[in-house]
Amino acid sequence: MPRLTIALAATVLLLGAGLSYALIRPSNAGLDEAAVRAIVDDALAAPAHPADVSAIRTIVADILAEGDTPPHSGQKLDPATLNPMIESYLLENPSILQRVSDALRAEVRAAEAARARDALNALQAQIYDDPGNVVLGNPDGDVTLVEMFDYNCGYCRSSLPDVATLLAEDPNLRIILKEFPILSPESEQAARVGVLVAQAEVDYWDFHEQLFTGRGQVTGEAALAAAQKLGLNPVELRLQMDTPAVSEVLARNHQLARALNVSGTPTFIIGDEIIPGAIGLEELRLRIANMRACGKPTCDATLASGT
């Protein structure tokens, strides 16, 4: 079960134990804040979802901070009375669960972004200096965009014109392509040929475009045919494509993907951001412009506006 689902389920359980915002409003003055906090602490003491305790405590604190603290009555909370009240309140105010869900999603995104930044910092050499990288554009460019792709990925195919436009319009952009075949054995065979084409004295981008603009599934045979059009000997390529040297290039890319928690294609890397999916030309342009403006793919509003 995803962490967010677990966290939300845990929060709903806590709400069922007395966490409802309704219980700390003056209309329910018999249930004081101290009692609510005590119930929350008891519920959080359970070991069911320890990874989400911090997130739930934060949300609880925010909800309590927004309410008007009623007088301390010391009244004992009766679950038989309390639980129907909470259920009724949640049914009448479903936005509470949405607020909790939004807060948890925001925290998950922030945590994932922080982990991604740490991983990117630790893996700079593997990302940018791997000898198996295909480097296009300006090798000394001031901004580098990395794409991990699979030749049978439809979204990678749709991203091809975006990458081509960036190459044509931006003389200071370096683009690194990494073969990341994950969709089928045919993808891996095509990638193996791609590794060899990248090492040859031919136009790799021509090969790349041929495979992504052709019809049908991209196979090893299709890749060999594309390489032959560039003047390479398909027989020699066939003999080399399963050698350890080629396998090591693909293995390093898969190892990098695991370290970065990358599981789909295309995945773009720029600065301290890992971007899953085909986000479109304008979004890529924006991130490249931000890298030049503030050194990050997303600039603060004041920096972005130039003030």
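Nothing fancy with the numbering, it's 1 onward along the sequence.
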**Asked** Val146 versus Ile270: any side-chain heavy-atom pair under 4.5 Å?
**Response** no
**Residues Asp170, Arg292: salt bridge by 4.0 Å N-O rule** = yes
**Item:** Any Leu260 side-chain heavy atom under 4.5 Å of Ile269 side chain
**Value:** yes
**Prompt:** Going hydrophobic residue to hydrophobic residue with side-chain gaps under 4.5 angstrom, can you get from Val262 over to Ile279?
**Reply:** no
**Phe149 vs Lys178, side chain to side chain contact (heavy atoms under 4.5 Å, CB included): CA-CA, chis, key distance, verdict** = CA-CA 6 Å; Phe149 67 93; Lys178 287 181 176 286; 5.7 Å; no
**Hydrophobic cluster membership, Leu123 vs Ile176, 4.5 Å side-chain cutoff** = yes
**Request:** Give the C-alpha distance, both sets of side-chain angles, the deciding distance and a yes or no for side chain to side chain donor-acceptor pair (under 3.5 Å) between Arg192 and Ser247.
**Result:** CA-CA 8 Å; Arg192 288 179 174 276; Ser247 297; 3.0 Å; yes
**Message:** Count I, L, V, M, F, W, Y as connected when their side-chain heavy atoms are under 4.5 Å apart, and connections chain through other members. Are Leu232 and Val249 then in the same cluster?
**Reply:** yes
**Prompt:** Would you say Leu177 and Ile175 make side-chain contact, with heavy atoms under 4.5 Å?
**Reply:** yes
**Asked** How many angstroms lie between CZ in Arg252 and CG in Asn133, if you round to the nearest 0.5 Å?
**Response** 8.5 Å
**Side-chain ion pair, Glu273 and Lys296, N-O less than 4.0 Å** = no
**Electrostatic pair Glu282:Arg287 at N-O distance under 4.0 angstrom** = no
